Structure formats: C-alpha cells, structure tokens
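Shown next, in structure tokens, is the structure this report addresses.
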Number of protein chains: 2
Amino acid sequence: MSIEKDIQQNSFKSPYSKAVINIFYTNNWLTSLQMEIFKPFDLTPQQYNVLRILRGQYPEPITVIAIIERMLDKMSNASRLVDKLLAKDLVIRKVCPNDRRAVDVIITQKGLDLLAELDVLQQKWEEQLYGLTECEANQLSCLLDKLRNSEPSNELEELTKKITNN
Amino acid sequence: MSIEKDIQQNSFKSPYSKAVINIFYTNNWLTSLQMEIFKPFDLTPQQYNVLRILRGQYPEPITVIAIIERMLDKMSNASRLVDKLLAKDLVIRKVCPNDRRAVDVIITQKGLDLLAELDVLQQKWEEQLYGLTECEANQLSCLLDKLRNSEPSNELEELTKKITNN
DNA sequence: AACAAATAATTAACAAATCAATGTATTGAC
DNA sequence: GTCAATACATTGATTTGTTAATTATTTGTT
C-alpha cells in the first residue's frame with residue numbers, strides 16, 4: 001500500500017464522489033477534443049449530433065420534436081440549431097403535409113458529405129486516444145449503466161439505435 | 001446470446017463509441033440531478049464548485065487565478081462567478097496586500113453554512129442513486145483514467161486534493 | 001530609474017443554453 | 001360544428017460560456 005495510494009484515497013470523500021468527479025472531468029476532456037475536431041468545419045458538437053440523427057433517418061424526414069427526443073443533451077434550442085444547419089445548406093426544412101404544425105427536416109447531400117468527412121476524423125481520433133481494450137470499453141459502459149441504475153441497453157440504447165454510425 | 005444483445009452490439013459502431021456516448025449521457029444525467037438539488041438554493045453547479053474550492057482553502061484566502069486552476073470545467077467567467085457569489089454574501093473579496101493586481105476571495109460563514117446544508121443533500125443523493133458497489137465505483141474511476149491515457153491520480157487528483165469534502 | 005514584457009483581474013462582445021411567451025394547428029368533449 | 005385543451009414550433013428575454021481587449025500592477029532589463 002503505497003503512500004500515493006493513501007493520498008489518493010484520502011483526498012476523495014468516497015469512491016462514488018471520485019467516480020462522479022471523474023465522469024465530469026472525462027466528459028470535459030472528451031468535449032474539448034471533439035470541439036477541436038469540429039472547429040475547422042465550423043460545427044458545434046450539438047450541430048454534429050443533430051446531423052447524425054438526421055443521417056440515421058435519411059432519406060426519411062424527421063420532425064423537430066423527434067430530434068429533441070433523440071438528442072443526447074437535454075436541449076439547446078432545436079429550432080435554432082436547425083436554423084444554423086439550414087444557413088449552411090446542410091439540411092432542408094418544410095412543413096409536414098400530415099400535420100401542418102410540424103416541420104420536416106432532412107439532411108442534404110452536402111450534409112451527408114460533411115458527416116462522411118468527419119467520420120474519418122472521428123475514427124482516427126478513437127484509434128489514437130483510447131487507452132482501453134474493447135473489453136474494458138464494454139466494462140466501462142456496463143458500469144455507467146449500473147451507476148444510473150439502468151439495465152444495460154435501456155434509454156441510452158433506445159436513444160441511439162436509430163442513429164446509424166454511432 | 002439474446003436478440004437484445006445483438007441489437008445492442010449492432011447499434012453502436014464500436015465499444016469505444018458506445019462508451020463515449022455513455023459518458024456524455026451519464027454526465028448529462030448527473031448534471032440534471034445536481035441542478036435539481038441546487039435549484040432551491042439558487043446556486044449553479046459552477047457556483048457550488050467555486051464555493052467548495054473556497055471552503056477547501058478556508059480560512060486562507062485564494063486568488064481568482066488559483067480558483068480557475070482548480071475548477072473542474074475549463075472556465076466560465078471566474079470574475080463573474082465571484083460577482084454572483086458576492087451578491088449573495090457567500091464570499092468576500094479584497095485586494096491582495098502582497099500583489100495589488102490580485103484579488104483575495106474568502107468564503108463567508110453564510111457560504112460555509114450553505115455548503116453544510118448541501119453536503120447533507122449530496123450525501124443522500126449518493127446513497128439513493130448509486131447502483132454501484134464501492135469496488136465498482138473504483139473500477140469505474142480506473143477505466144476513465146485509462147480512457148484518458150492518464151495514470152490514476154494524475155491531473156484529476158491534483159485538481160481535487162486541495163478541495164475538502166469531495 | 002525608465003521602459004518593455006509579463007501577470008492578474010475585469011470588461012466587452014458575441015455565441016449558445018435556458019426558460020417563458022406566443023402563434024398556429026389539431027384534437028376531443030359536448 | 002364550436003370551443004377549450006393540447007401539441008408543435010418559433011421567438012424573445014435572460015443568463016452563461018468563450019474569447020479577446022483593456023486596465024492596473026509587477027518584474028526584469030538596461
């Protein structure tokens with residue numbers, strides 16, 4: 001039992017606090033890296049997230065409310081996010097014929113091309129950065145599920161199963 | 001090998017993607033819960049974080065730049081955060097006598113009392129929500145460290161070791 | 001001592017998140 | 001069919017995050 005280990009133990013109130021702080025810290029770390037990747041493409045992580053949701057649905061349209069449901073983070077302003085994507089010609093938007101309150105959003109070819117470019121970068125990023133084996137990555141997911149008292153493949157799975165290429 | 005398991009495997013590109021998305025998701029989940037706790041006290045998670053840093057230093061003062069160094073998230077506007085805390089009489093602020101460019105910040109008794117109240121809530125929150133054993137919580141921390149290619153107890157440890165009651 | 005460079009904090013400017021209010025369209029009760 | 005209630009999206013107002021510019025002080029060089 002090394003001194004370092006003692007110090008480590010003592011500086012956190014409990015293994016739970018330590019894990020929670022570590023999740024916050026790792027989340028910030030991952031987000032910063034992602035932003036670096038997206039910056040040259042003038043895309044925020046949220047915009048990227050929406051584009052991927054749209055790709056998962058392509059060539060079917062998807063309404064704004066359905067986008068909100070599938071977004072990982074609670075919500076910024078989906079309307080405004082779509083506005084931003086529209087301004088860059090990455091999506092098209094039109095009134096839904098079945099329900100004229102709703103708005104159909106579809107990713108454009110330009111949007112698909114951009115995602116294809118980013119896929120390559122994301123892939124490289126993964127390969128370079130991860131110090132985990134595949135098995136450990138799975139373990140990590142299981143522990144996070146358990147932390148949330150959630151059966152593996154519950155809400156998270158539902159959220160993502162319609163998003164291709166995650 | 002159940003169908004669910006197949007679906008689960010197929011809907012993610014790799015165990016790495018799955019783990020990263022799970023971290024984002026869990027981070028949002030934790031942040032939402034924390035905000036619910038803090039809302040009745042009119043405190044944001046960032047303000048709470050700063051208060052805990054100040055408590056860790058108490059009764060010594062700490063400069064704004066030292067607060068920034070110890071904050072978990074890169075940075076909002078530390079000056080503005082301190083302004084907000086000052087407006088609520090949770091801290092006091094005065095020019096540092098040794099270096100008149102710098103500003104010394106100290107938590108007030110009112111701030112300490114508020115944190116003490118929140119400690120209890122945080123504790124209950126932990127007890128109720130965590131589906132992990134202590135051992136699993138430690139495992140989780142180790143895997144996150146490994147994901148970041150970081151030796152356990154590196155930057156994260158340094159950041160937190162001066163903050164009591166973590 | 002004088003002056004350029006560096007440092008600490010604040011302020012300003014702009015983008016994004018958040019929440020409430022509004023404008024349409026649809027649904028359901030009667 | 002009418003009207004209240006609900007649903008979908010947008011808009012507005014406020015706060016926060018982020019970056020750069022600014023002010024004041026200190027440090028180091030000559």
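Note that the structure is a prediction, hence the values are computed from the model and not measured. Every chain is numbered from 1, with letters handed out A, B, ... down the list of sequences.
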### Query
For nucleotides 10-17 of chain C, read 5' to 3', which letter fits each nucleotide if B means a protein heavy atom sits under 4.0 Å from the base, S means only the sugar-phosphate is that close, and - means neither?
BBBB--SS
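Ion pairing between A:Asp119 and A:Arg55 holds under the 4.0 Å rule for side-chain N and carboxylate O.
Between A:Arg100 and C:dA25 there is a side-chain N or O to OP1 or OP2 distance below 4.0 Å.
Straight-line distance from the CG atom of A:Asp99 to the C1' atom of C:dT27: 10 Å, rounded to whole Å. Protein atom CG of A:Asn98 is 10 Å distant from nucleotide atom P of C:dT27, rounded to whole Å. Atom CD in B:Glu36 sits about 11 Å away from atom P in C:dC19, given to the nearest Å.
Listed by first then second residue, pairs satisfying salt bridge (charged side-chain N to carboxylate O under 4.0 Å, His left out) with a partner in residues 20-45 of chain B number zero, not counting sequence neighbours. Note on residues 80-89 of chain A: pairs passing salt bridge (charged side-chain N to carboxylate O under 4.0 Å, His left out), not counting sequence neighbours, are A:Asp83-A:Arg93.
Formation of a donor-acceptor pair under 3.5 Å by the B:Glu136 side chain with backbone atoms of B:Thr133 is found in this model. Using modelled atom types, no side-chain atom of A:Tyr58 and backbone atom of A:Ile107 make a donor-acceptor pair closer than 3.5 Å.
With hydrophobic clusters built from ILVMFWY side chains whose heavy atoms lie under 4.5 angstrom apart, A:Leu85 does not share a cluster with A:Ile65.
Looking at residues two or more places apart in sequence or on another chain, you find no side chain to side chain donor-acceptor pair (under 3.5 Å) involving B:Gln139. Contacts of B:Thr26 classified as side chain to side chain donor-acceptor pair (under 3.5 Å), with partners at least two apart in sequence or in another chain: A:Arg148, B:Asn22.
One axis for each end of the helix from C:dA1-D:dT30 to C:dC30-D:dG1, each built from five base pairs, and the angle between them comes to 10° at 10° resolution.
The side chain of A:Ala102 sits closest to D:dC8 out of C:dC19, C:dA6, D:dC8.
Within 3.5 Å, no donor on the side chain of A:Arg101 pairs with an acceptor on the base of C:dT24, nor the reverse.
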